[in-house]
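Just so it is clear, the values below take in all heavy atoms, side chains as well, and ignore hydrogens, waters and symmetry mates. It should be emphasised that the depicted structure is a prediction, and the values quoted were computed from it without experimental measurement.
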Amino acid sequence: MSQFIDQYFDVNFMLDHFDKVFTAFTTMTLELFVLGGVLSLIWGLILSLLRQIPGKVGAPVRFLSIVYIDAFRGVPMLLVILLIYGGFGALSSANATPGPLPAAIADPHWFGKPAAFWYGIMAITLTYGAYMAEVYRAGIEAVPHGQTEAARSLGMSHGQSMRYVIVPQAVRKVIPPLLNDLVALMKDTSLISVISLQEAVQVSFDLQSKFFNSSALTLAALMYLAMTIPLARLVDWLIKRQTRRTQRGAPGEGGDGGVVQPALQPLPSAGSGAAGGGGV
């Protein structure tokens, strides 16, 4: 047991190398999570809206969006990372044989970040955008169709009805599953380590290789848990809150889907007729 503790839970080793792992976690892992998450949410919403374009004119766009979503939901993100990392450099227009990609995209070093960081952002956005598009689609289809009909009857176009009526309602419905995807995204940022990005997992693995001690990896795992557990509890709270709102017969909300029903009034007696005195 002492050997197990020394290998995985050596507190002194964790404290000695805390700065290295924490710096990698905050400057690389968290930035991958935040930027990749925001871009994935935006890209997923765009894909879901493209999939909702009506009519024959929109059929090719719907088809392409479905193909894209199915493809990137079916391909592992690790493979997407390797495809971008291994291929973009060869497609650069700055090579001896010019390629189709500008050098700034094929070998990005924006805002002082290494190219591997931006390759990771691209892979996260492409992959998780497809997952989040399906979540958005479920929310859009959960909005009653009468809402769309009512918006169109008021003279709104398809785009206006989606923007002002459908999408705001759909987004509120799918916040918990979107947060679930963000929890998964947070963990999958560790996959970027395969292209030698010095994020928390890669730095911890380097320490393990150098000192033959896995406590740095345990330290990185604890940092991930410090982020994912609060997000998971937030998801649980939002699901319970949503369930209470839609629960039939909830205390203090009436018995019909939260709609308070008016109390039944007794019929007037024969001698106490209304203004007309009829008492019918």
Qualifying residues under side-chain hydrogen bond (donor to acceptor under 3.5 Å, both in side chains), relative to Asn213, sequence neighbours excluded: Ser215
In chain order, what residues pass the salt bridge (charged side-chain N to carboxylate O under 4.0 Å, His left out) check against Asp107, with sequence neighbours excluded? none
Sequence neighbours excluded, the answer for salt bridge (charged side-chain N to carboxylate O under 4.0 Å, His left out) partners of Arg51 is Glu134
Sequence neighbours excluded - salt bridge (Lys or Arg N to Asp or Glu O under 4.0 Å) pairs with any residue from residues 116-127: none
Can you tell me which residue pairs pass the ring-ring contact (aromatic ring centres under 6.0 Å, His included) test with a partner in residues 160-183, sequence neighbours excluded? none
Tell me every residue that passes side-chain hydrogen bond (donor to acceptor under 3.5 Å, both in side chains) with Gln202, counting only those two or more places apart in sequence or in another chain. Asp206
Check: residues 62-72 side-chain donor-acceptor pairs under 3.5 Å, at least two apart:
| from | atom 1 | to | atom 2 | distance (Å) |
| --- | --- | --- | --- | --- |
| Arg62 | NH1 | Ile53 | O | 2.5 |
| Arg62 | NH1 | Gly55 | O | 2.9 |
| Arg62 | NH2 | Gly55 | O | 3.4 |
| Ser65 | OG | Val61 | O | 3.2 |
| Ser65 | OG | Arg62 | O | 2.8 |
| Tyr68 | OH | Trp43 | NE1 | 2.9 |
| Tyr68 | OH | Leu126 | O | 3.0 |

Show me the donor-acceptor pairs, under 3.5 Å and distance only, between side chains in residues 29-41 and residues at least two apart or in other chains.
| from | atom 1 | to | atom 2 | distance (Å) |
| --- | --- | --- | --- | --- |
| Thr29 | OG1 | Ala200 | N | 3.3 |
| Glu31 | OE1 | Lys113 | NZ | 2.6 |
| Ser40 | OG | Gly36 | O | 2.7 |
| Ser40 | OG | Ile124 | O | 3.4 |

Among residues two or more places apart or on two chains, list those pairs meeting salt bridge (Lys or Arg N to Asp or Glu O under 4.0 Å) that have a residue in residues 142-163. none
All ring pair (Phe, Tyr, Trp, His ring centres under 6.0 Å) counterparts of His17, not counting sequence neighbours: Phe13, Phe211
Holding to ring pair (Phe, Tyr, Trp, His ring centres under 6.0 Å), I want the full list of residues that pass it with Phe205, two or more places apart in sequence or in another chain. none
Please enumerate all residues that pass ring pair (Phe, Tyr, Trp, His ring centres under 6.0 Å) together with Trp110, with sequence neighbours excluded. Trp118
